[in-house]
Structures are given as structure tokens and as C-alpha cells.
Amino acid sequence: MQESWREISDLVVAYDPVTLARQPVLREQVVARLRAQGQGRAARIVARWPVRDGRLIDEFVDGVLLRAHHQLQRLSEEFRQGERTQRLLSPLLAVLRAAGVAPPYRVVDVGSGLGYVVRWLAAHGGLGPDVELLGCDYNATLVRRARALAEAEGLRCRFEVANAFALAEPATVFVSTGVIHHFRGPELHGFIEAQRRVPARAFLHSDIKPSYLAPLGAWLFHQARMREPLARHDGILSALRAHEAEILSRTASAACPDWSIGMLDGARSSVPVLRVMQTLIGVEHSLRAGFERALAGLGSRITWRGGTA
Ligand SMILES: C[S@@+](CC[C@H](N)C(=O)[O-])C[C@H]1O[C@@H](n2cnc3c(N)ncnc32)[C@H](O)[C@@H]1O
């Protein structure tokens, strides 16, 4: 894999950075870029898509993304992404309360897609009445579907078309699932630094853990459970592009020098199929000791950068 390879889903949509209005994307530019990078299969997928005046048609692209995200939800269920977030979030919220941080505690899911994790937390998380759950995504079609699903399930959570780092009512804690590998190098640094600038008090970013088995596992899962060609392509590439724990924690330490940075399940294991995800953790230094105590047994699976508190 080359570092320049990109998921199709990152190339076929573009948003104005301020208004988040959709911007036109020329199919031939995307196809030429994918071909030039050696991503022939991805180029053939996009080359089949319809255009109007050479531009990809938003409704068609969003239909593909919706199907891909519905299929992605199968992966979220399989890998219990809701529980994974809740097991870290509950102790973190307990520490914020104990430290006297004023409620409400706004938990913002960055790049929430169809909102699986936010909806799971609202349904099963038991986080308390002082917690607000908000999912943010640039894509209005995904946000509309997330809202409809939450409404059908009668859940206390919200979804907004918004840049999660530019909210009028900022986050207390940021979470995300399967998002951070989309950001590399200076973009990854900027993604992490934005949270300290908000300023939030902590973040929990879960993503695929790289291992020799991850690409094979992703291929098997995507053959078995995914039908949309974009979903199959991007899912397998995501496993190949997953960040090493060391890169995540080093970048986070540089971006947030006054925070404690840890990795849950970042350590390489001999049987990687048992731990398919890892979580980058950032907390203000003052919260770290209380958080470690509240984590109880889970704490042994976290490696803190720079060692003990
Ligand atoms: C891989 S998808 C989301 C997957 C979703 N978390 C899930 O597990 O189903 C990544 C999404 O992140 C969104 N995104 C990236 N940066 C964002 C930001 N700063 N604010 C809001 N959405 C963002 C993109 O619009 C895209 O839809």
C-alpha cells in the first residue's frame, strides 16, 4: 500500500470548509487521481457512476454512502463499538463529576455517520441525565438518516450537520469510531489539536488496530457482510491504512502537550484477531489519576505515554 492511497469516500464528496455546502466533484478528476496512484479497482468503481455535466450526482453518491454506512453498522455491531466507548466514557464522566466540572457533559461523536455509537449510548449507555449526546457529520444525508433512526427508537440524542470542532456549544468529550485513519501527517495533528483548542476535557478515538491479520480479516468480513463495492474497497483499505499505536500517541502528545495520552489495546498481541480495535485516549493531566482509578481492571490494557502519572 502507498501512503497516498485514499478511500473512495474521501474523494467523491467535497464541502465548503465554512458553510459545509456541497461542492461539485468532477468524476474524471477522481478517476484520473485513483489511476495515477495505482488504485485501478477504485478507479473502475467510480468510472461506472453517473454524471451531470461531468460532475458526480450528489443524490447518487449519497445513496452509495448510505448503503455503505448501513453495511458498516454490521461491523459496529459485531465489534461492539457502543460498549467499547461506554466502558471508557462512564469512568471518564464519573471523574469529571468528581472534579466539579459543571454539567451538562456534552459528548460529541466526530464523523458520526448513521450514529450507531451515539444511538447505542442513548439506548444502553446509562450515562446519566447530565450527559448530552450529539453526533456531528458533514454529510447531511447521513445526518438525516441518523435522526430518523434515533426518532424511530425514541432516543435522547441529537445529530447535526456540523464541523464537530466548531460548535456553538462546544464538546466536553470527543469520541469517534473509524475516523482517525482518514487523517494523516499534519492533518492528523490538526484533528487532535483542534480538540484541545475547543477546549474539550478529553477524547476517545477508536479505530482499527493494524496487524498482519487485519487486512485478511477485513477482506473476509467485507466479502461476507458488505455488498456495496465502495464499502468493500474502503473497508479493506482502512485496515491497511490503520495507524500504528506509536504514531497516534506520538502525534497526540505533540498536538496536546499538556494532556495525558494513552492507548487502550495499543500493544501488539500474538493473536491479533482477539483485539481488532484500539482507542487513542487524551485527558487533561489533572483528570488522569482519577480516571486511572475509575477504570479499575480496564486500566491494565492502557499504555500511557511517558509512563505512570
Ligand atoms: C468513516 S465515516 C464515519 C463512520 C462512522 N463513525 C461509523 O462508525 O459508522 C467518516 C465521517 O467523518 C466525517 N467527518 C470528518 N471530520 C469531521 C468533522 N470535523 N466534523 C464532522 N464530521 C466529520 C465525514 O463527513 C465522514 O462522513
Side-chain angles (χ1 to χ4, degrees), residues 6-23 25 58 61-62 64-85 106-121 133-146 149-150 157-168 170-171 174-184 187-195 197-198 200 203-208 218 221-222 225-226 228 230-231 233-239 241-243 276-277 279:
R6 297 286 302 275
E7 280 92 335
I8 298 172
S9 56
D10 280 340
L11 300 178
V12 295
V13 287
Y15 306 94
D16 180 282
V18 177
T19 65
L20 300 189
R22 200 71 166 255
Q23 295 185 320
V25 177
D58 289 352
V61 174
D62 284 350
V64 173
L65 291 177
L66 262 183
R67 286 194 294 283
H69 277 81
H70 274 291
Q71 292 165 21
L72 184 61
Q73 183 162 304
R74 296 173 189 161
L75 193 73
S76 301
E77 288 164 1
E78 202 78 39
F79 292 150
R80 302 168 68 175
Q81 308 293 27
E83 280 119 310
R84 175 182 314 280
T85 306
R106 194 167 298 110
V107 176
V108 174
D109 188 5
V110 188
S112 49
L114 297 183
Y116 175 80
V117 167
V118 168
R119 289 184 287 111
W120 190 96
L121 290 171
L133 291 166
L134 172 63
C136 292
D137 205 291
Y138 294 144
N139 187 293
T141 303
L142 296 179
V143 167
R144 268 197 300 278
R145 184 63 59 90
L149 290 169
C157 56
R158 290 185 300 126
F159 293 94
E160 298 291 343
V161 179
N163 177 350
F165 305 134
L167 297 169
F174 284 107
V175 301
S176 77
T177 311
V179 173
I180 45 176
H181 69 270
H182 290 267
F183 298 88
R184 336 259 325 160
E187 282 188 5
L188 179 65
H189 183 102
F191 178 93
I192 296 170
E193 193 183 37
Q195 298 163 77
R197 273 191 279 110
V198 158
F203 57 70
L204 306 168
H205 296 297
S206 297
D207 209 343
I208 303 170
F221 190 93
H222 286 78
R225 305 297 311 273
M226 307 241 173
E228 183 59 49
L230 172 143
H233 173 274
D234 283 9
I236 296 165
L237 184 55
S238 299
R241 276 172 32 105
H243 285 298
V276 292
M277 302 289 290
T279 305

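When a ligand or atom number is given, it counts from 1 through the structure's own listing order. Heavy atoms only: backbone and side chains are in, while hydrogens, waters and symmetry mates are out.
With sequence neighbours excluded, the residues forming a side-chain hydrogen bond (donor to acceptor under 3.5 Å, both in side chains) with D207 are H181, listed by chain and number. Residues that satisfy the side-chain hydrogen bond (donor to acceptor under 3.5 Å, both in side chains) test with R67, not counting sequence neighbours, are E228. Looking at residues two or more places apart in sequence or on another chain, you find a salt bridge (Lys or Arg N to Asp or Glu O under 4.0 Å) between E78 and R225.
Using a 4.5 Å cut-off on side-chain heavy atoms (C-beta onward), H233 and H222 make no contact.
In this structure, a donor-acceptor pair under 3.5 Å is present between the side chains of Q81 and R84.
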Between the protein and ligand 1, are there any N or O atom pairs that come within less than 3.5 Å of each other, and if so, what are their names and distances?
{"from": "ligand 1", "atom 1": "6 (N)", "to": "G111", "atom 2": "O", "distance (Å)": "2.8"}
{"from": "ligand 1", "atom 1": "6 (N)", "to": "T177", "atom 2": "O", "distance (Å)": "2.9"}
{"from": "ligand 1", "atom 1": "19 (N)", "to": "Y138", "atom 2": "OH", "distance (Å)": "3.1"}
{"from": "ligand 1", "atom 1": "19 (N)", "to": "N163", "atom 2": "OD1", "distance (Å)": "3.0"}
{"from": "ligand 1", "atom 1": "20 (N)", "to": "A164", "atom 2": "N", "distance (Å)": "3.0"}
{"from": "ligand 1", "atom 1": "25 (O)", "to": "D137", "atom 2": "OD1", "distance (Å)": "2.7"}
{"from": "ligand 1", "atom 1": "27 (O)", "to": "D137", "atom 2": "OD1", "distance (Å)": "2.9"}
{"from": "ligand 1", "atom 1": "27 (O)", "to": "D137", "atom 2": "OD2", "distance (Å)": "3.0"}

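By the 4.0 Å N-to-carboxylate-O rule, R144 lies too far from D62 to be salt-bridged with it.
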